[in-house]
Amino acid sequence: MNERFDPAQADTRWQAAWDEAQCFKADDGSAKPRSYVLEMFPYPSGRIHIGHVRNYTMGDVLARYKRMKGFEVLHPMGWDAFGMPAENAAMEKGVHPGGWTRDNIANMKAQLKRLGFALDWSRELATCEPEYYGQEQSLFLDLYEHGLVYRKESAVNWDPVDQTVLANEQVIDGRGWRSGALVEKRKLSQWFLKITDFADELLEGLSTLDKWPEKVRTMQENWIGKSTGLQFHFKPANFDSQIEVYSTRPDTIFGASFVAVAAEHPVAQQVAATSAEAQAFIEECKRGGTTAAELETAEKLGFDTGFRVVHPFTGAELPVYIANFVLMEYGTGAVMAVPGHDQRDFEFATKYDLPILRVVAASADDADKPFEGEAEAGDGICVHSDFLNGMSVAEAKATVIARAENEGWGEGKTVWRLRDWGVSRQRYWGTPIPFIHCEVCGVVPVPKKQLPVTLPEDVDFSTPGNPLARHATWKHVDCPQCGKPARRETDTLDTFVDSSWYFLRFASQPDDRPFDPAQIAQWLPVEQYIGGIEHAILHLLYARFWTRALARIGKIEVKEPFGSLFTQGMVTHEVYSRKEDGREIYFGPSEIERTADGATLKEDGQPVTVGKVIKMSKSKKNVVDPDEIVATYGADAIRWFMLSDSPPERDLPWSEAGIEGCARFVQRLWRLFAQHDVAVEGEDKAVDRKVHQTVAAVAEDIESLGFNKAVARIYELTGVIEKAQPSASRSAAIRKLLLLVSPMMPHLAEEAYAEFGEGLIANAAWPQVDPALLVEDEVTIAVQVKGKLRDTLTVAKGTAKEELEALALASEKVQRALDGAQVRKVIVVPDRLVNLVA
RNA sequence: GCGGGCGUGGCGGAAUGGUAGACGCCGGGGACUUAAAAUCCCCUGAGCUUUGCUCGUGCGGGUUCGAGUCCCGCCGCCCGCACCA
């Protein structure tokens, strides 16, 4: 064996060996239990970044471990390959989006290979290839047939310069993020997926996802936003249309002192038609910003329409205001305002001097308690509320709803925040929506046998707008129904559709259909899904919806795609900067010489400011390139770093010192493995025990994704073996240690394992644990006096209580601490501690 | 405002209610060497009157023989959502 482990030559050699042996190819026909380990597939931006390395290393350790434990493991990789950056590159550099994307995929695949991930590359897929998106079109048509896809007019953000629809995230301060042009609201016919049909299911389903982070479940719950209440109408007193309102607090109906409608509400429009003042007010409302900060500070503003409505119980006339805090998109766009028990209404009423009535109080005695500058939204009992008096909030809600339904002026209703999913994008680089517009037949689905509808290659990005729409020939087709000339749909699908079913295609990818349900049933749900928290809502909700939709139309059985979800933390790095001419200039880690108490710029030797440890970003230059790290330290060192120290859900601070420490440990293990000697004899019980305990503990740690703890235990075991005298036990321990680290440092492990001549360690089994060796025969007992540690005793495991007590009392240190005091009580926890209470 | 999470040495972090600080990093000292690298050994929470003692897990209370851990009340930080009626 060489003195040093040389990753530069070993890494590629073993990567080739795994490929050759097809170690990680999942066998659909296997009799073994299945385990599907999946990390969120990357967007092919061109380079792997360190966050990918962390994500994929975690998944890789789990996948390799599961294989060792005898599972048939599916651990695939693919590319979320459609999207805007490819079109931007096309516009900026004149390259074709397809060529750009495929080059990036080739680069990134090579990078992933250099990291030694145990992936089944035979199932690799890219969403931009017709073999994938054609099947997606077919699924889209299936959903259409079942009424889960529809078209409707909808307001969108329209960039008049780029001539395209922008996502909300692409509108910055009312302007297009690329063009800088003022964004217009336009009404366009858009394709929608009926996710709202699944609102209840998606919400209910969350409670079955007990292996998902609480945080993600809560975020989805809030996003779906279920609320129950009463929808009812107010009769007009001095005009001619009813006002429909929705309230989650019908119990407070006797506290209503006005009605507020949104600026876009028909009643507001009606008033504006005859009042310039009202019109001006409505315009002002529309101008108001919608950012969080603006909303927080925005003053409640209103316009009295002069209209009055009649309270359904008291018959009192309530004024109708147009108010800037009422949203047209939620509920009915109009609210019953109860200032005493809603903070917004309270502020509004205070400003416009409207009555603030108390209708809920802690008790009947508090019925006339004044408000202390804010609304009381909490629970209590009803007061000043006629037939509701004395009821709890819950009782009163039910009572009012029942009465409204009886009397026919309202009904109990569930309202959702969730909107249907608009999937139309006026872009080239996406899945063409498989429909044809015919003047005679209307919107006609493309017959399945004509799929895939492929993207044309010859497209022009020199002018703004959708290249598909202005392509000379592509959109001109004959209607599949009547045969007359017709027009192809030129919108493409939101890329979130592509990522909503890729995990199914990984499990099964026949040529002639999206997947084989029997294969899906074998692999799904994904046992462990790992990715970033940034996908907590959109991707994870869409994927859940898509899975349920396919289940509903009978394509698959599984309802939830991801059994266990893990969201990993970011990789962070300190920021180096210097102020020059009043501007902050940033420097990358490679330009910096880091010392114990500061940092200097290599170029001029002058100090730079060491800033906060934050997420790696190009603008702050605090980025490290995984490829360079692999080239310098080897794949195993960077993999080990990704697993060390920080718990995987928290941020991981990158440091030069840290990666060097990891590289040192790789060599330290190498030297230890070289000491494996089959000729030595003799038993070392302590080493045996330590190894078995570590094997058991590391297995538990990996299964719970506690990689940092597994790493610590491996360090500990390494230290113990190093210090032990040569023995058969020690040699056996070295061999087991090798197996333990093999999921984490597979290259080093293969190189060392080769000495045994037993084939690849990638195919080896996880070491067996002897339960008898998990327990120590000697234990250290803590001896406390009045709860304070005074001494420790080393005794045989299982020593009797009485004996422990006697031994404790015999201790000189204990006697000194007691200082002659009488022991009144003795607590003995066998094999743990003795506490003497004086 | 609502929801979720976090708070332990110089740093990342360990600790089924039972010896706080495992393990790693940084730092200090030493060995080996002509020298360096590499490697190995020792020290490394604070304080003190240093065989040992006192204090110490954001702050204040409580439960307990015993609390980083459980309960109550605060403070601070991070993340997500948000005029959702």
Subject >> Distance between P atoms of B:C59 and B:G52 (Å, rounded) >> reply: 30 Å
Original post:
Among B:C55, B:C81, B:A14, which is the nearest nucleotide to the side chain of A:P647?
Top reply: B:A14
**OP:** May I ask you to evaluate whether A:K788 reaches the phosphate of B:C55, defined as a side-chain N or O under 4.0 Å from OP1 or OP2?
**Re:** yes
Original post:
So, is A:R790 near the phosphate of B:G52, with a side-chain N or O under 4.0 Å from OP1 or OP2?
Top reply: no
Original post:
Is the backbone N or O of A:V687 less than 3.5 Å from a side-chain atom of A:H692, with the two atoms forming a donor-acceptor pair by type?
Top reply: no
**OP:** Identify whether any heavy atom of A:P213 sits under 4.0 Å from a base atom; if not, whether one sits that close to sugar-phosphate; answer base, sugar-phosphate or nothing.
**Re:** nothing
Original post:
How is A:R419 classified with respect to the nucleic acid when contacts are heavy atoms under 4.0 Å: base, sugar-phosphate, or nothing?
Top reply: nothing
Subject >> Pairwise P distance for B:G28 and B:G76, with rounding to whole Å >> reply: 38 Å
**OP:** Looking at every strand, decide which applies to A:Y715 at a 4.0 Å heavy-atom threshold: base, sugar-phosphate, or nothing.
**Re:** sugar-phosphate
Original post:
Any cation-pi pair here, A:R358 with A:F371, using under 6.0 Å and within 45°?
Top reply: yes
Original post:
More 5' along RNA chain B: A:N708 or A:G331, using each one's nearest nucleotide?
Top reply: A:N708
Original post:
Is the Lys NZ or Arg CZ of A:R417 less than 6.0 Å from the centre of A:W223's six-membered ring, within 45° of the axis?
Top reply: yes
Original post:
Reading RNA chain B 5' to 3', how would its secondary structure be written in dot-bracket notation, given Watson-Crick and G-U pairs with both distances under 3.5 Å, brackets [ ] for crossing pairs and | for partners on other strands?
Top reply: (((((((..(((.....[....))).(((((.......))))).((((...))))..(((((..]....))))))))))))....
**OP:** Give one of base, sugar-phosphate or nothing for A:R713, where a contact means two heavy atoms less than 4.0 Å apart.
**Re:** nothing
Subject >> A:K300 with A:D345: basic N within carboxylate O range, under 4.0 Å >> reply: no
Original post:
With the threshold set at 4.0 Å, does a side-chain nitrogen-carboxylate oxygen contact exist between A:R713 and A:E716?
Top reply: no
Original post:
If you look at every strand shown and take non-hydrogen atoms under 4.0 Å, does A:V837 touch a base, only sugar-phosphate, or nothing?
Top reply: sugar-phosphate
Subject >> Gap in Å between the two P atoms, one belonging to B:A67 and one to B:G3, rounded >> reply: 32 Å
**OP:** Please work out whether B:G9 sits syn or anti, treating a glycosidic angle within 90° of 0 as syn.
**Re:** syn
**OP:** Determine the contact category for A:T780: base if any of its heavy atoms lies under 4.0 Å from a base atom, sugar-phosphate if only primed atoms, P, OP1 or OP2 are that close, otherwise nothing.
**Re:** base
**OP:** Apply the side chain to side chain contact (heavy atoms under 4.5 Å, CB included) test between A:V261 and each candidate in A:V245, A:V335, A:T332, A:V320; give the one that qualifies.
**Re:** A:V320
Subject >> A:T196 versus A:D420, side-chain donor and acceptor atoms under 3.5 Å >> reply: yes
Original post:
B:G4, B:C83, B:G24: which one has an atom nearest the side-chain heavy atoms of A:K215?
Top reply: B:G4
Original post:
Which part of the nucleic acid, if any, lies within reach of A:V711 when heavy atoms closer than 4.0 Å are counted: base, sugar-phosphate only, or nothing?
Top reply: nothing
Original post:
On a plain distance test, is the side chain of A:K300 in donor-acceptor contact with the base of B:C83 below 3.5 Å?
Top reply: yes
**OP:** Identify which nucleotide among B:G18, B:A85, B:A82 has an atom closest to any side-chain atom of A:R344, counting heavy atoms from C-beta outward.
**Re:** B:A85
**OP:** Between B:U69 and B:A20, how far apart are the P atoms? Round to whole Å, please.
**Re:** 14 Å
Subject >> Short side-chain to backbone donor-acceptor contact, A:S646 and A:D651, under 3.5 Å >> reply: yes
Original post:
Can you find a donor-acceptor pair, distance only, under 3.5 Å between A:N222 side chain and B:C81 base?
Top reply: no
**OP:** For A:R650 and A:Q568, test the side chains for any donor-to-acceptor distance below 3.5 angstrom and give the result as yes or no.
**Re:** no
Subject >> Among B:A20, B:G12, B:G52, the nucleotide that comes nearest once only the side chain of A:L789 is considered >> reply: B:A20
**OP:** Check every strand shown and say whether A:T792 touches a base, only sugar-phosphate, or nothing at a heavy-atom separation below 4.0 Å.
**Re:** base
Subject >> Test item: side-chain donor near acceptor, A:Q675 and A:E722, under 3.5 Å >> reply: no
**OP:** For A:R824, answer base if it contacts any base atom (sugar-phosphate contacts may also be present), sugar-phosphate if it contacts only those atoms, and nothing otherwise; contact means non-hydrogen atoms under 4.0 Å.
**Re:** nothing
Original post:
Quick one: on RNA chain B, does A:S227 or A:G658 contact a more 5' nucleotide (nearest heavy atom)?
Top reply: A:G658
Original post:
Of all the choices, B:G12, B:A22, B:G52, which nucleotide is nearest to the side chain of A:A712 once you look at every atom?
Top reply: B:A22
Original post:
Between B:A85, B:C25, B:G52, which nucleotide has the shortest distance from any of its atoms to the side chain of A:A657?
Top reply: B:C25
Original post:
Just checking A:N835: base, sugar-phosphate only, or nothing, at a heavy-atom cut-off of under 4.0 Å?
Top reply: base
Original post:
Contact class for A:E716 (heavy atom, under 4.0 Å): base, sugar-phosphate, or nothing?
Top reply: sugar-phosphate
Original post:
Which value, in whole Å, describes the distance between the C1' atoms of nucleotides B:G60 and B:G5?
Top reply: 23 Å
Original post:
What interatomic distance, in whole Å, is found between C1' of B:U50 and the corresponding atom of B:G62?
Top reply: 36 Å
Original post:
In terms of side-chain geometry, is the basic nitrogen of A:E656 or A:R594 positioned less than 4.0 Å from the acidic oxygen of its partner?
Top reply: no
Original post:
Taking atom types as modelled and ignoring hydrogens, do the side chains of A:Y576 and A:T600 form a donor-acceptor contact shorter than 3.5 angstrom?
Top reply: no
Close N/O contacts between protein and nucleotides 39-42 of chain B (under 3.5 Å):
from	atom 1	to	atom 2	distance (Å)
B:U39	O3'	A:R671	NH2	3.4

Subject >> For atom CG of A:L669 and atom P of B:G24, their distance in whole Å >> reply: 12 Å
**OP:** Look at the side chain of A:R650 and decide which nucleotide, out of B:C6, B:C65, B:A85, has an atom nearest to it.
**Re:** B:C6
Original post:
B:G4, B:A85, B:A14: which one has an atom nearest the side-chain heavy atoms of A:E214?
Top reply: B:G4
